[in-house]
Each structure stands twice: as C-alpha cells, then as structure tokens.
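Structure first, then comments.
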Amino acid sequence: MGMGRELYERFPIARAVFEEADEALGFALSKLIFEGPEETLKLTEHTQPAILTVSVAAGRVLTEAGFTPALAAGHSLGEYSAHVAAGTLSFADAVRAVRMRGRYMQQAVPAGEGAMAAILGLDAALIKVICEQVSDQLTPLPKTPGAEGFDAKLAVVSAANLNSPGQTVISGALGAVEKAAALCKDAGAKRTVMLPVSAPFHCALMQPAQDALARDLAGLEFHDPAIPVAANVSATPITSGSAARTALVAQVTGAVRWVECIQLLVAQGATHFVEVGPGKVLSGLMKQILGKDAMTPVFNVEDAASLEKTRAGLHLQ
C-alpha cells in the first residue's frame, strides 16, 4: 500500500497517469493504492491495474528525464506495461483490460482448488518431466473404475513462470501441485515453497479467463509497437498489433518464459536494463539469468531516489 505515492506527489507526468486510471476505471484507484484498505487492494482485480498504473507512471517519469527504451519486455502483467510504453495500446484501454483480466482469473478457479509453488535449484527441463508424470499418474485410464466421472482439472500441473535458471514456478490443481513439488524435492530441488496466491495463474485452469479476456481484447485498438516487445509465451519479438493481441491472450494459460525473454533482448542488442514499477524482483532475476560476472548494468525506477540513481548510472555508462 502506498506504492507510487512519491512519484504522484513529485512528478506531474506521474500524477496524470494516476488521474487517467481513476477516470478510465470510474473509481478512485489512486486513493485505494495510497490509503487502502489493504484487503481490497489485494484483490487481483485491483492489484493488477494498481501495479500497471505505478509501472506506467514510473516509465513516463524516466522517459521525461530523457531516456527512451529501444526494446521492452514485461513479466506476466508487466507485458501490458511494456506494450503501453511501446504505444501498442492506450493506457486507458490497458488499465481497464487488466482489471477485467484479474477478475476473470479470480473467477476461473474456486478458492482453495488451485495452487502455485516455487521450485528452487532444479533444472527446468526436469521440472517439466516431473509435472508431466504427475499429470499422467493422476489421470485414470479410460477403463479404470471411476474414470468416466473423473475431472481432468484435478490432474493439471505445469511450469507457469520460468523466472531464472534456478527458479521455476509451477501451477495447477492443489493436489497435483503439492505432489509435483514433493517429487521435485526428492529429485534434488534446494527448496520448494507453496506460494500465497489467489489463483493458479498461467496454467490450463485459466482457460475460462483466457476466453473471456480474448473477447475483451478483440474490441480494443492495437497499434504496431514502436519498439519490439518480447512475448512471454513465445520469447519472440512482437512487432505488430495483431501479434501483440494474440500474445496477451495466450499468456493467460501459457508459461512466462522469462529467461528466454531476457536472452532475446540481449541477443537483440540490449546493453542496459531498467525495471520500472514497484519492487526490484526482476532486477534480482536479471542477475541470476545473466550470471554473477555479467557486466550488464541493471537499474530500477520506483521513486525519486531510484530515479536519480538510474539517471546518474545511465549518464555514466
């Protein structure tokens, strides 16, 4: 709670973003971000537009300071921020879309039926194999007693976020995720952590949300991005509006291939990275992806102090 307040108070261009969000949504999102109540802000239909708003505000403050991105990428929800920065879709359309995205995701799976778990220190390829084995083991053969009434959703588990070489998040039905996490631990994972999430994002259980969001995005105007944007689901550069729409729909059930997205940006010539928005999670993942000895500068902008540090760092490069 309170994220982005300093940007709002100190930079008119940031304040304008918060005001545009309030107008687009028809309620005071900015007041909810700054004052809460926290339990309301934590609802994913509010959290998603809140994070998008703070990220876009931070990005516009950085651009006003004279730094324009040549490439962009965003992790899950962040892919919308990347497309707003690239001019693919308007901020007003994006903030309305992600509010509904959050609502659809919450509605797709009843509370307590889905789960996500972080698997640390185990190869992503092995995690994929384990998830497939768990799905197979939980799915009865056609002639097995009870197979006719079996709910296939109970066997869903797959990689949702490939965050770094040592961190993969799996998602799916609660029992399947718990079983896969236990097997990953047996296979040598350093740690497995069940995550406190409101829904199992980026897995097949999100299909109802994906279908609903597809209808919403079909009605929005998508422009060709001014800069290439790495797509979560394919780790390929998006250069057309139609491809951007398709990628944003597909990522609801598809995995976030973040390691490959960062590798793509480096291959495309990226030499400096700036994370915009609340927190420095992606900056930490960057160091894991590029390696301890990598010389690629990584900055972040979430308040006035981090903006000044980023400006100084970029000027010195």
Side-chain angles (χ1 to χ4, degrees), residues 24-26 43-52 74-84 88-116 128 131-132 135 138-139 149-162 169-177 195 197-223 225 229-236 238 240-258 261:
L25 295 175
L43 294 173
T44 189
E45 69 176 271
H46 296 144
T47 306
Q48 292 199 25
I51 292 173
L52 175 71
H75 188 288
S76 188
L77 169 68
E79 193 167 344
Y80 286 82
S81 302
H83 277 296
V84 172
T88 316
L89 74 167
S90 71
F91 171 62
D93 280 347
V95 78
R96 285 189 289 261
V98 301
R99 184 190 186 198
M100 297 310 298
R101 177 181 185 265
R103 183 177 295 177
Y104 297 147
M105 286 177 161
Q106 192 67 65
Q107 294 172 343
V109 180
E113 292 188 10
M116 298 181 78
K128 181 175 183 290
C131 287
E132 290 171 347
S135 291
L138 294 178
T139 304
F150 176 74
D151 185 352
K153 294 178 181 178
L154 297 175
V156 171
V157 61
S158 60
N161 303 331
L162 294 100
V169 174
I170 61 175
S171 180
L174 176 60
V177 170
L195 301 178
V197 294
S198 57
F201 305 121
H202 300 290
C203 75
L205 296 180
M206 288 289 109
Q207 190 62 52
Q210 180 166 304
D211 294 342
L213 184 65
R215 291 190 289 271
D216 288 356
L217 295 188
L220 301 184
E221 185 175 8
F222 277 73
H223 304 280
V229 177
N232 283 184
V233 292
S234 63
T236 58
I238 297 296
S240 75
S242 60
R245 180 189 284 109
T246 299
L248 289 173
V249 170
Q251 60 135 260
V252 178
T253 58
V256 177
R257 295 163 58 179
W258 191 243
C261 283

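For the pair P225 and G241, the tightest heavy-atom approach, listed with the atom from each and the gap, is CD-N, 4.0 Å. Between G254 and V233, the closest heavy-atom pair is CA-CG1, 4.1 Å. Closest approach of V177 and S171 over heavy atoms only: CG2-C, 3.7 Å. The heavy-atom pair separating L213 from A97 by the smallest distance is CD1-O, 4.0 Å. For A255 against A159, the heavy-atom pair with the smallest separation is CB-O, 3.4 Å. Contact detail for A176 and A155: the closest heavy-atom pair is CB-C, 4.3 Å.
Residues W258 and N161 have side chains not in contact (no heavy-atom distance under 4.5 Å, counting atoms from C-beta outward). Under the 4.5 Å side-chain criterion, counting only non-hydrogen atoms from C-beta, P208 is not in contact with D211. In this structure, M206 and V109 have side chains that are in contact, with non-hydrogen atoms separated by less than 4.5 Å. By the 4.5 Å heavy-atom criterion applied to side chains, E79 and Q251 are counted as neighbours. Taking the side chain as every heavy atom from C-beta outward, R96 and L25 approach each other to under 4.5 Å. Considering only heavy atoms from C-beta on, L248 comes within 4.5 Å of H83 through its side chain. The shortest side-chain heavy-atom distance between L154 and L138 does not fall under the 4.5 Å cut-off. Side-chain atoms of F91 and L52, non-hydrogen and from C-beta on, do get closer than 4.5 Å to each other.
The NE2 atom of H223 lies 13.0 Å from the OG atom of S242; values are rounded to the nearest 0.5 Å. Note: R245 CZ to D216 CG = 11.5 Å, rounded to the nearest 0.5 Å. Between the CG atom of L217 and the CD atom of Q210 there is a distance of 10.0 Å, given to the nearest 0.5 Å. The distance from the CG atom of L89 to the CG atom of L220 is 7.0 Å, given to the nearest 0.5 Å. The OH atom of Y104 lies 13.5 Å from the OG1 atom of T44; values are rounded to the nearest 0.5 Å. Taking CG of L205 as the start and CD of E113 as the end, the distance is 9.0 Å to the nearest 0.5 Å.
When only modelled atom types and interatomic distance are considered, H202 and T253 share no side-chain donor-acceptor pair under 3.5 Å. A donor-acceptor pair shorter than 3.5 Å can be found between the side chains of R101 and Q48.
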**Prompt:** Checking side-chain contact (heavy atoms from CB on, under 4.5 Å) for the pair I170/S158: CA distance, chi angles, key distance, verdict?
**Reply:** CA-CA 5 Å; I170 61 175; S158 60; over 6 Å; no
**Asked** When you look at E45 and M105, which way does the side-chain contact (heavy atoms from CB on, under 4.5 Å) test go after all the steps?
**Response** CA-CA 9 Å; E45 69 176 271; M105 286 177 161; over 6 Å; no
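When atom types are taken as modelled, the side chain of Q106 and the backbone of S198 share a donor-acceptor pair closer than 3.5 angstrom. Side-chain N or O atoms of T47 include one that pairs as donor or acceptor with a backbone N or O of L43 at under 3.5 Å.
Under the side-chain contact (heavy atoms from CB on, under 4.5 Å) rule, R257 has a single partner from T236, N232, L162, which is L162.
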